[in-house]
Novice: 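Take a look at the following structure, please.
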Amino acid sequence: MLEEYPDIQQKLDQAHDDRERADILNECAWNSRYNNPNFARKLAVNARKLAESNEYRQAEGYSYRNSGVTSFLLGNSKSALEDAQSALKIFQKIDNKEGEASVHNLFGAVYLKLSKFNEALDHQHKSLNLLESAGDKKSAANVLTNIGNIYQQLSQYDTALEFHLKAVNISEELGDKRNAARTLNNISAIYFYLGHHETALKYLKKALPIFEEIDEYSGLAQTLGNIGLIFQVFKRYDESLECLVKSLQVRQKIGDKNGIAHAVQNMGNVYNDLGDHKSALEYQKKALLFFEQLRDKAGQASVHLNIAKILGAIENYEQAIDSCVESLSIAEEINDKELSFRVHEHCSSVYEKLKDFESSLFHYRRFSQIRDEVLNIEKQKAITAIEFRYDMERVEREKEIYRLKNVELASALVKIEQTNTALEEKTRSLEAAKEEIEVQQLETMKVNHELEVANEKLQYTNDQLRKVNNEKNEIMSIVAHDLKNPLTGVLLAADSMKQYLSLLTKRDILKYIDNIQGCSDSMMKLVSNLLDVRMLEDGKMHFERKLISLDDIAASIVDLYTTRANKKRINLHYSSEDARHLIIGDEERIREVIENLLSNALKYSPKQKDVWISLKSAGERVVCAVRDEGPGLTDDDKSRLFQKFVRLSAKPTGGESSSGLGLAISKKFVEEMNGRIWCESRFGDGATFGVEFPSANGVYSK
């Protein structure tokens, strides 16, 4: 089992006895519980065998605790509770408070998943009391996060945020990055549910680099998936798919089958939003296979409904009805009323398009009936949450009362109980008014939310207007400055030809024409760059995708620029390790990128220097690099590279002009074609600009 983990095997080989080996296996199981729960469970079982054979009760307790945690992470609540109970008995018998606290924490997590909120809170508070008594602030912060999750499930968001923020502050103070990131995710979930998507995204972006830094793949996958869902809400579909793909890759790495199924399903939803119904259907069918393997009925029913919606969108109504029937059958089997009324609603819509109005009316009535049932259930949940909070407050009051030990305080107890009775009677008389107040509160929350959304949109619009105004000013500056010189050159050349035409030789006329053509090329290049920037930012630029040879493009560009290099007495060197560097992309855009890099190298290189352009393969990538012996880039230059309208410290050596747009456009082109552009430079020692693209050699060979 440990052949692929030589570090663990080495520790086991160096251990003095089986007791030490049991401790090592338990430690490794605990450390790998999130990234590889199946492997962690095997380690815990092996630790238990060693502990039992050596009557090592402490290690036996931790092995049960560890296997319980992995069962919980793998979705087996029953097994998790059984292991937790075994661990608790052992820790209580040997008086291990730390172990006892960790098991209460596990109980709380499992009961929360089972929606048993009283039991969950009871165990978490027991864990918190034990940890605070022992001065274990790090573990206490973890438990505070769990308590916040329970209140979050009860829709008591103010209380949930209070516990989450306490947990974050303690975790950051202690440098516990994992729990800090985990809690940031929970805070994000609260804001997402409340509709504050920008705030939710802010907290996710805080959590993401922490999970990446500590290599916690479970949290990383969850965070990437949540960011993808928020980008979907913002209709930023490319970014949404990018995050969901990364989440899927991480979940595949750790073997999280349930997470894989949901990631694939979410990708199908994004493709459907994009109008790519073929891809959407393919991903939903893949998700269905995963849910069937997992025997996840709820997941199967949800996917069948998604498939029905896709089929309806492409007017395949008969198959859409079949998928609705499949979804409805499963939803009724598992008694998922919310999903059932959504299926009936879609069935009604499809039958209406088929002009089967009788069936459409039947499903609409069922939709309305079940929806009312669900709303009543939600209403009852809200009442239960209020009663739960009231019960908690009453328990706290009773605890305070029991601490009173004298007759006078006992008398006060009677008065308090009488007051509680009066309050309960008053509460019953106000229940009818409570519902009306709740409705008003919901309406107020809705209005407040709409105002917040409007303010956010207004702020965004103002920011965009400022950005557009700044760009307008920059463009006007470019037009006034960078077009002035070449235009003056054209006018001077034309004026000279007009005045001295009779005295000019054919060679003189050709020289003036060359000047006019050169100035015109500069103006055309500037105008083209400005148009490219606008088309890129408006999303109107079309990119052709086809198989092309980077060698052919690079070689032709070198031939084209050889004359320009000769004018500055610059030696231009070209090398390629292979004559078949194939990529998929837009030939015109790639040519423009390489021309821009080579043009810059010649523009900023002093005379009688060398410029090199090379092609090579790097794994599954093709790299094109342009190196010069120019002045190089300062640190400030490098920090502003690839931004629009940026003028760097280096100056052209032959009086050439620069708009500050070429590198920004190149970066957009390269990234649009799934490539990467970068620069390596040390000030005073030249610069190397490179671009790389995914190689298509393997695709071509197939």
Novice: Please confirm whether the ring centroid of Tyr364 lies under 6.0 Å from the ring centroid of His344.
Specialist: no

Novice: Check for a donor-acceptor pair, side chain of Asn36 on one end and backbone N or O of Ser32 on the other, with a separation under 3.5 Å.
Specialist: no

Novice: Cation over ring, Lys257 on Phe290, under 6.0 Å and within 45°?
Specialist: no

Novice: For the CG atom of Asp95 and the NZ atom of Lys93, what is their distance to the nearest 0.5 Å?
Specialist: 13.0 Å

Novice: Between Glu198 and Lys202, does the salt bridge (charged side-chain N to carboxylate O under 4.0 Å, His left out) criterion hold? Intermediate values first, please.
Specialist: CA-CA 6 Å; Glu198 289 287 358; Lys202 179 182 72 174; over 6 Å; no

Novice: Tell me the closest heavy-atom pair linking Ala141 and Ile170, and the distance in Å.
Specialist: CB-CG2, 3.7 Å

Novice: How about His346 and Phe367: are their ring centres within less than 6.0 Å of each other?
Specialist: no

Novice: Side chains of Ser127 and Asn105: donor-acceptor distance under 3.5 Å anywhere?
Specialist: no

Novice: Closer than 4.0 angstrom, basic N to acidic O: yes or no for Lys177 and Glu172?
Specialist: no

Novice: When you check the side-chain N and O atoms of Asp83 and Ser67, is any donor under 3.5 Å from an acceptor?
Specialist: yes

Novice: Whether Arg57 and Glu60 form a salt bridge (side-chain N of Lys/Arg under 4.0 Å from carboxylate O of Asp/Glu) is what I want to check.
Specialist: yes

Novice: When the ring centroid of Tyr193 is compared with that of Tyr157, is the distance short of 6.0 Å?
Specialist: yes

Novice: Just wondering, do Asp122 and Tyr111 contact through their side chains at under 4.5 Å, heavy atoms?
Specialist: no

Novice: With a 4.5 Å limit on heavy-atom distance, are the side chains of Phe107 and Gln85 in contact?
Specialist: yes

Novice: Could you walk me through whether Lys89 and Tyr64 pass the side chain to side chain contact (heavy atoms under 4.5 Å, CB included) test, one step at a time?
Specialist: CA-CA 10 Å; Lys89 289 180 180 179; Tyr64 273 115; over 6 Å; no

Novice: Could you go through Glu132 and Lys137, starting from their C-alpha distance and side-chain angles, then the distance that decides it, and tell me whether this counts as salt bridge (charged side-chain N to carboxylate O under 4.0 Å, His left out)?
Specialist: CA-CA 7 Å; Glu132 288 179 341; Lys137 295 177 69 175; over 6 Å; no

Novice: Could you check if a side-chain atom of Leu112 sits within less than 4.5 angstrom of a side-chain atom of Gln124, using non-hydrogen atoms only?
Specialist: no

Novice: Verify the ring-centre separation between Phe231 and Tyr237: is it less than 6.0 angstrom?
Specialist: no

Novice: Looking just at side-chain N and O atoms, do Asn306 and Asn272 make a donor-acceptor pair shorter than 3.5 Å?
Specialist: no

Novice: What's the separation between atom CG in Asp256 and atom CG in Leu74, rounded to the nearest 0.5 Å?
Specialist: 8.5 Å

Novice: Do Gln232 and Asp273 pair up side chain to side chain, a donor and an acceptor below 3.5 Å, judged on atom types alone?
Specialist: yes

Novice: I'd like to know whether CZ of Arg236 has more than 12 heavy-atom contacts from other residues, nucleotides or ligands below 6.0 angstrom.
Specialist: yes

Novice: For Ser340 and Glu332, does a side-chain donor sit closer than 3.5 Å to a side-chain acceptor?
Specialist: no

Novice: Any salt bridge linking Lys138 with Asp136? Criterion: basic side-chain nitrogen under 4.0 Å from a carboxylate oxygen.
Specialist: no

Novice: Would you please indicate yes or no on a ring centroid separation below 6.0 angstrom for Tyr62 and Phe91?
Specialist: yes

Novice: Run Gln265 and Ser302 through side-chain hydrogen bond (donor to acceptor under 3.5 Å, both in side chains) and show every step you take.
Specialist: CA-CA 9 Å; Gln265 182 184 20; Ser302 175; 2.9 Å; yes

Novice: Does the cation-pi check pass for Arg366 over Phe341, that is, NZ or CZ under 6.0 Å from the six-membered ring centre and within 45° of its axis?
Specialist: no

Novice: Can you name the nearest heavy-atom pair linking Asn179 to Ser171, along with the distance?
Specialist: ND2-OG, 2.9 Å

Novice: Ignoring hydrogens and angles, state whether a donor on the side chain of Ser71 or Arg41 is under 3.5 Å from an acceptor on the partner side chain.
Specialist: yes

Novice: In Å, rounded to the nearest 0.5 Å, how long is the span from CG of Leu154 to CG of Asn149?
Specialist: 11.0 Å

Novice: Please tell me if the side chains of Glu345 and His363 come closer than 4.5 Å, counting only heavy atoms from C-beta onward.
Specialist: no

Novice: Going by heavy atoms in the side chains, are Ile190 and His164 under 4.5 Å from each other?
Specialist: yes

Novice: Evaluate the criterion side-chain hydrogen bond (donor to acceptor under 3.5 Å, both in side chains) for residue pair Asn269 and Gln284; output intermediate values, then yes/no.
Specialist: CA-CA 8 Å; Asn269 292 336; Gln284 294 295 349; 2.9 Å; yes

Novice: If every non-hydrogen atom of Phe72 is compared with every non-hydrogen atom of Leu106, which pair is closest and at what distance?
Specialist: CB-CD1, 4.2 Å

Novice: Taking atom CD as the centre, does Glu239 end up with more than 12 heavy-atom neighbours from other residues, nucleotides or ligands that are less than 6.0 angstrom away?
Specialist: yes

Novice: What I want to check is whether the side chains of Tyr217 and Arg251 have a donor and an acceptor closer together than 3.5 Å.
Specialist: no

Novice: In Å, rounded to the nearest 0.5 Å, how long is the span from CD of Gln300 to CG of Leu294?
Specialist: 9.0 Å

Novice: Between Lys246 and Glu242 (salt bridge meaning N to carboxylate O under 4.0 Å), is one present in this structure?
Specialist: yes

Novice: Would Lys42 pass as a cation-pi partner of Phe39, given that its NZ or CZ must be under 6.0 Å from the six-membered ring centre and within 45 degrees of the axis?
Specialist: no

Novice: Leu208 and Ile227: side chain to side chain contact (heavy atoms under 4.5 Å, CB included), yes or no, with the steps?
Specialist: CA-CA 9 Å; Leu208 184 62; Ile227 292 175; 4.0 Å; yes

Novice: Would you say NZ of Lys113 has more than 12 non-hydrogen atoms from neighbouring residues, nucleotides or ligands within 6.0 angstrom?
Specialist: yes

Novice: Quick check: do Ile187 and Leu165 have side-chain heavy atoms less than 4.5 Å from each other?
Specialist: yes

Novice: Do Ser102 and Arg65 get their side chains close enough for a donor-acceptor pair, meaning under 3.5 Å?
Specialist: yes

Novice: Mind running side chain to side chain contact (heavy atoms under 4.5 Å, CB included) on Leu161 and Tyr191 for me, showing each step along the way?
Specialist: CA-CA 10 Å; Leu161 278 173; Tyr191 282 110; 4.2 Å; yes

Novice: Please determine which of Leu224, Thr223, Leu184 meets the side-chain contact (heavy atoms from CB on, under 4.5 Å) test together with Leu204.
Specialist: Thr223

Novice: Got Ile370 and Asp372 here, is their nearest side-chain heavy-atom distance under 4.5 Å?
Specialist: no

Novice: Once you round to the nearest 0.5 Å, how far does CD of Gln222 lie from NE2 of His262?
Specialist: 12.0 Å

Novice: List the steps and the verdict of side chain to side chain contact (heavy atoms under 4.5 Å, CB included) for Leu241 and Leu274.
Specialist: CA-CA 11 Å; Leu241 283 174; Leu274 281 167; 3.9 Å; yes

Novice: Which atoms form the tightest heavy-atom contact between Ala221 and Val250, and what is the distance?
Specialist: CB-CG1, 3.8 Å

Novice: Are Tyr151 and Phe163 an aromatic pair by the rule of ring centers under 6.0 Å?
Specialist: yes

Novice: Taking the side chain as C-beta and beyond, is there a heavy-atom pair between Leu128 and Asn146 under 4.5 Å?
Specialist: no

Novice: Closest approach of Ser240 and Gly228, non-hydrogen atoms and distance?
Specialist: OG-O, 2.7 Å

Novice: Return the CG to CD1 distance between Leu43 and Ile24, rounded to the nearest 0.5 Å.
Specialist: 11.5 Å

Novice: List the atom of Gln58, the atom of Ile94, and the distance in Å for their closest heavy-atom pair.
Specialist: CA-CD1, 3.8 Å

